[in-house]
Amino acid sequence: MLSLQSLDYFLFSLSRILCTPFAIFIQIQGCIICLVLALGWALAARVRNREIKQMTDSMKNGNSLSFLCHDINEFEHSNQVNLPRVTVIMPLKGFGEHNLHNWRTQITSLYGGPIEFIFVVESTEDPAYRAVSRLISEFEDYVDAKIIVAGLSTSCSQKIHNQLVGVDQMHKDSKYVLFLDDDVRVHPGSIGALTREMEKRPEIFIQTGYPLDLPSGSLGSYCIYEYHMPCSMGFATGGKTFFLWGGCMMMHADDFRQDRYGLVSGLINGGYSDDMTLAAIAGAHKRLISSPPVAVFPHPLASDLNFGRYWNYLRKQTFVLESYITNVNWLMNRALFAFHSWASWGFVTPYFMALIHVAAALRYYNMPYSFGETPYTSGGLVLVTVLAICTLVELLSMWNLTRIEVQLCNMLSPEAPQLSLASYNWCLVFIAMLVDNFLYPISAVRSHFSQCIDWSGILYHLKDGKVSKIDRTQRSKDMGPVFTDLGGKHLYGKKGLPARGSFLSSLVKSFAQWHQPKKFDN
């Protein structure tokens, strides 16, 4: 009994210590972080909801194709024939459960202007090669698409190498180039929307978007959803942003042809992260990055995404802060490293304190004995109540933004299977918030001291912010299938077969026949 009393006394004393001014400050700080996130998501939801209202009003006015464009006059033949040529480049690595559907949404775009699709793989041994080849053969009479073997990168990441090889092969008359990751599920009107905005505002350097994660049910998938959600508010501005997502980037083709601002040399000479490098160049030259409100893309996560794959993904995300091209870029990355680490642990710490307050209260009101003078104070429960209210507000705001983005995606892709909030487990979302924010600073510190990362079976080493060594001997193909982090793609495993066509596939074939009486121009 004496030892139990001692433990209770220690618990009560600890709860009292956590009611000192400094401890209260830490707990209030956590509440403020919750409310700031809630406000950011509320503002993002307002931007997305405004787009939904415009689409709804357009449909009420008789435009049944508002998911492609609000202005029905844009569909006039005189406007369509003047649309600029676009090259879509998709660097590939591996083949997974969602890739074929994603690729189909990319090549069955209802963009009315001339467009070509370039798939780029490292080698013909990549499982994506055969799957894409069959997909291209299915649409060869209707879509200008080809697959290119880029070979191995020697001075930059394989993704950047594939992108630049695709740029070298793009049509000489292409005005814009759009980079899409193979896990991006675009809407029928996405390419048209991005192009229209580039035409209206020539000062835009890069147009981007952001994914809406669809968790598969595992804790790892919810951790990735939670990791992306704070970033999503930076992309839901309806215009200017300082953020850039490498999964969707539209740029002026001439910027690459002329190596404007040194962007090609900056990428090929030691570039690790395409989006971080280009964002740094945009910032250094005060160029505009824009994110239109319709640029939100469903991103289904692998059904077997385990915690280990989430951890490796988090490691890759924190590792990009170790890459830089200028001293200012390095300084900004250090500031982001410090701020994100502080905010992550500043968010998590109050919940550990709350556990102590709750445990102390439960013991105090249920102990079978009494102290002569108890050190317990009920002030801890007041702090717990405030934190619980702030957490509820934060989760409601996150739920609301997700709900609106799901609705927007459903409206932008009316032919696709409708997304639903019913599959989201909000208890797991809360747990993922704690897990992800606790692990982020640990991952960031490890990335800083290791200076190397495993990305799709390739080990990249950095020196002075640039790729200095690429090690492909780490994994052998004889070791069996290797999986990527989010899509669960086979990097060296089975080759996939395309799925059956859909209504949209038939529609794009008819559209291509109407728009291009001849097959393709050169």
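For this chain, numbers begin at 1 and follow the sequence in order. No hydrogens, no waters, no symmetry mates; every other heavy atom, side chains included, goes into these values. Just so we're clear, the structure is a prediction, and the values are computed from it rather than from any experiment.
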> Is W311 atom CH2 crowded by more than 12 heavy atoms from other residues, nucleotides or ligands, each under 6.0 Å away?
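Yes - once you tally the heavy atoms of other residues, nucleotides and ligands closer than 6.0 Å, there are more than 12.
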> Quick check against the 3.5 Å criterion: does S153 have a side-chain atom that pairs as donor or acceptor with the backbone of C156?
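Yes, S153 side chain to C156 backbone: donor-acceptor pair under 3.5 Å.
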> Heavy-atom distance under 4.5 Å between the side chains of F297 and C248, does that happen here?
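Side chain of F297 against side chain of C248, heavy atoms only: contact under 4.5 Å found.
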> With a 3.5 Å cut-off and no angle check, do the side chains of S303 and S216 form a donor-acceptor pair?
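Their side chains do not contain a donor-acceptor pair, so the 3.5 Å distance test is not met.
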> Just to verify, what does Y225 make a side-chain hydrogen bond (donor to acceptor under 3.5 Å, both in side chains) with, not counting sequence neighbours?
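For Y225, the residues satisfying side-chain hydrogen bond (donor to acceptor under 3.5 Å, both in side chains) (neighbours in sequence not counted) are T402.
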> Assess the side chains of Y310 and D436: does a donor N or O sit below 3.5 Å from an acceptor N or O?
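Y310 vs D436: donor-acceptor pair found between side chains.
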> How would you list, by chain and number, every residue that makes a side-chain hydrogen bond (donor to acceptor under 3.5 Å, both in side chains) with Q29, sequence neighbours excluded?
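Checked Q29 against side-chain hydrogen bond (donor to acceptor under 3.5 Å, both in side chains); matches are W342.
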> Can you confirm if the aromatic rings of H252 and Y261 lie within a centre distance of less than 6.0 Å?
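So the answer is no for these two rings.
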> Under 3.5 Å, is there a donor on one side chain and an acceptor on the other for R309 and S218?
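Judged by distance alone, the side chains do not pair up.
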> Between S291 and T208, is there a side-chain donor-acceptor contact under 3.5 Å, judged purely by atom types and distance?
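T208 vs S291: no donor-acceptor pair found between side chains.
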> Which donor-acceptor pairs under 3.5 Å do the side chains of residues 347-354 make with protein atoms, sequence neighbours left out?
residue : atom : partner : partner atom : Å
T349    : OG1  : W345    : O            : 2.6
Y351    : OH   : T391    : OG1          : 2.5

> Under a 4.5 Å cut-off applied to non-hydrogen side-chain atoms, are R315 and S450 in contact?
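In short, these two side chains touch, coming nearer than 4.5 Å.
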> Side-chain donor-acceptor pair under 3.5 Å between N400 and R403, yes or no?
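Their side chains do contain a donor-acceptor pair, which is all the 3.5 Å distance test asks for.
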